[in-house]
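Okay, so here's the structure we're looking at.
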Amino acid sequence: MSYANELREVARTMVSGGRGLLAADESSPTLTKRFDALGLESTADTRLAWREMLFTTPGLSDWISGVILYDETFRQRLSNGATVPEFLSANGMLPGIKVDTGAKPMAGRPAETVTEGLDGLAGRLAEYRSLGGTFAKWRAVIKIEEGALPSRACILANAHALARYARICQAEGIVPIVEPEVLMDGNHSLERSFEVTSTTLNAVFAELWNQEVALDQMVLKPSMVISGKGAAERASRKEVAAASVECYRNTVPAAVAGIALLSGGQNDHEATEHLALMNELGPLPWPVTFSYGRALQDAAMNSWATKRNDVAAAQAALADRASANFSASSVRV
Ligand code: 13P
């Protein structure tokens, strides 16, 4: 059976009309780290309470087309008795699932990682689909270090795994989000970020071609072309937007359903402005929207930690960021 029409429609819904994705798929250890930093206790129940607050934000589906979940959340029930995927679907948002099992040190190159999770993937995807899952995410991590990194071995291994994952998703009726993240860590220049992001995207699309992935049935989640966090002179927001758009225009085929950017540790207002500036450079060959984690959740989490359990205040903080990013991806000139 071919899922092509369904997958095309899901991919289009994920990225169109200015809406974007809420990445709420932090693994339990990662969310625990974020909670710890703010003095919040991390248990299955407190993680659910936090996420229930996010997902029940009034009007969320006006700005958010889908939510990326972690396995624990995917199987939890909200206070009204619905599972999280059931609640999201009933409220106009597509349920998605992170399916990689993490970036692990590469054999022989412990400073770099390759993302794992292909073993048994088809079976896991079939189960998620039967529970309401519509799309999936797999994140590859590429590290820049002056002189040495990234290695060609790291880029090629991650590109191959991303393409295998994407092809398996499409065979199982799930839209793949293909996420090659070039990290902002380090003091590299905008030019170096441009070079590494271009090389990485070229490698990823070559492997997607080899594995016969249907580009109109997938969403690309790239990092922006941006100076390293520790760079002495960081490029301006306009330069980041221009370099990112130039890089994607040169490497991302027009057939791709859309680009949904990650925020990668930028502050939330910066991530929104970069998105708006990119869309002002249009018309672009694909919709360019957001799939932010921290840039959507940081303000809400700070509010949640300081005004314990003030649901309305935390929801207002999320609504503020979600609506601002919706406007930034709706900008058309
Ligand atoms: P950030 O926007 O916080 O980078 O998270 C997006 C994401 O899903 C990373 O995999």
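Just so you know, ligand 1 is whichever comes first in the structure, and atom 1 is the first atom listed for that ligand. Computed from heavy atoms alone, side chains included, the values below leave out hydrogens, waters and symmetry copies.
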Query raised in the report: Considering only protein heavy atoms, which is closest to atom 4 (O) of ligand 1, and at what distance to one decimal place?
Result: Gly264 N, 2.7 Å
Query raised in the report: What's the shortest distance from atom 5 (O) of ligand 1 to any protein heavy atom, and which residue and atom give it?
Result: Gly293 N, 3.5 Å
Requested in this report: Quick one: look at Ser263 and ligand 1, take heavy-atom pairs under 4.0 Å, and tell me if it's side chain, backbone, both or neither.
Outcome: both
Query - Residue portion contacting ligand 1 (non-hydrogen atoms closer than 4.0 Å) for Ser291 - result: backbone
Numbered atoms of ligand 1 (with element) below 4.0 Å of [X], judged on heavy atoms:
{"X": "Lys221", "answer": "6 (C), 7 (C), 8 (O)"}
{"X": "Glu179", "answer": "7 (C), 9 (C), 10 (O)"}
{"X": "Arg139", "answer": "9 (C), 10 (O)"}
{"X": "Tyr292", "answer": "2 (O)"}

Query raised in the report: Can you list every pair that meets ring-ring contact (aromatic ring centres under 6.0 Å, His included) and has a residue in residues 164-205, with sequence neighbours left out?
Result: Trp138-Tyr165
Is the closest basic N to carboxylate O distance between [X] and [Y] below 4.0 Å?
{"X": "Asp25", "Y": "Lys137", "result": "yes"}
{"X": "Glu127", "Y": "Arg124", "result": "no"}
{"X": "Glu26", "Y": "Arg51", "result": "yes"}

Query raised in the report: Do the two ring centres, one from Tyr128 and one from Phe74, sit under 6.0 Å apart?
Result: yes
Report task. Say whether Ala295 and ligand 1 are in contact under the criterion: heavy-atom distance to a ligand atom below 4.0 Å. Result -> no
Query raised in the report: Is it true that Lys137 lies under 4.0 Å from ligand 1, counting heavy atoms only?
Result: yes
**Report entry** Glu181 N/O to ligand 1 N/O under 3.5 Å
**Finding:** no
Query - NZ/Lys238: more than 12 non-hydrogen atoms of other groups inside 6.0 Å - result: no
Query raised in the report: Just checking, any donor-acceptor pair under 3.5 angstrom between side chains of Ser151 and Glu112?
Result: yes
Requested in this report: Examine Leu60 and Leu54 and state if one hydrophobic cluster contains both, with Ile, Leu, Val, Met, Phe, Trp and Tyr joined whenever side-chain heavy atoms are less than 4.5 Å apart.
Outcome: yes
